[in-house]
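Down below is the structure, laid out as structure tokens.
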Amino acid sequence: MPIVTYVLRDGSTRILEVANGSSVMEGAVGNNVPGIDADCGGSASCGTCHVYVDESCRGLFDAPLPEESDLLQCSDAMQSNSRLSCQLFLSDECTEVRVVIPGMG
Ligand code: FES
């Protein structure tokens, strides 16, 4: 099962097993990871699941669709490795994934 490391805003980490086929967002919400609110439920329309994807695992995921890119560009916190975690679906190739929740102090 894929292992996802979530780096929280306070700098601490949560390391979770998340089922294949689930999104990084679903893994967070299902385990009460703070900082990923997912207000729209995963339809790429709210931006509250924004994460920075570690360079080491960016290639594991499909490129963002135009609606995801458009939404991210509206965020002041956007970086080159920004993604909506509801669009990051885990598979067997994702043995280890690391994401940082924006806003870390
Ligand atoms: S959950 Fe709303 S954009 Fe991802």
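The structure displayed is predicted, hence computed values, not measured ones. Whatever order the structure lists them in is the order used to number ligands and atoms, beginning at 1. Start at 1 with the first residue, then count along the sequence.
The local environment of CG in D62 is sparse, with at most 12 non-hydrogen atoms from other residues, nucleotides or ligands closer than 6.0 Å. Q79 CD: more than 12 foreign heavy atoms inside a 6.0 Å radius.
Residue-level proximity to ligand 1 for A44 is carried by the backbone, the only part with a heavy atom below 4.0 angstrom. Contacts between S45 and ligand 1 below 4.0 angstrom, taking non-hydrogen atoms only, involve the backbone exclusively.
Note: L88 CG to S22 OG = 12.5 Å, rounded to the nearest 0.5 Å. M1 CE to L16 CG: the interatomic distance, rounded to the nearest 0.5 Å, is 11.0 Å.
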Should F89 and C94 be marked as a side-chain contact (heavy atoms from CB on, under 4.5 Å) after you check the CA-CA gap, both sets of side-chain angles, and the distance that decides it?
CA-CA 9 Å; F89 293 98; C94 305; over 6 Å; no
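Atom 4 (Fe) of ligand 1 lies at 2.8 Å or more from every N, O or S atom belonging to H50. Inclusion of C46 in the first shell of atom 2 (Fe) of ligand 1 is supported: an N, O or S atom falls under 2.8 Å. Here C40 fails the criterion, with no N, O or S atom under 2.8 Å of atom 4 (Fe) of ligand 1.
In this structure, the side chains of V97 and P2 stay at 4.5 Å or more apart for every pair of heavy atoms.
Shown in contact with C86 at under 4.0 Å from a heavy atom are these atoms of ligand 1, numbered in order with element: 1 (S), 3 (S), 4 (Fe).
Ranking the protein heavy atoms by distance from atom 1 (S) of ligand 1 puts G42 N, 3.4 Å first.
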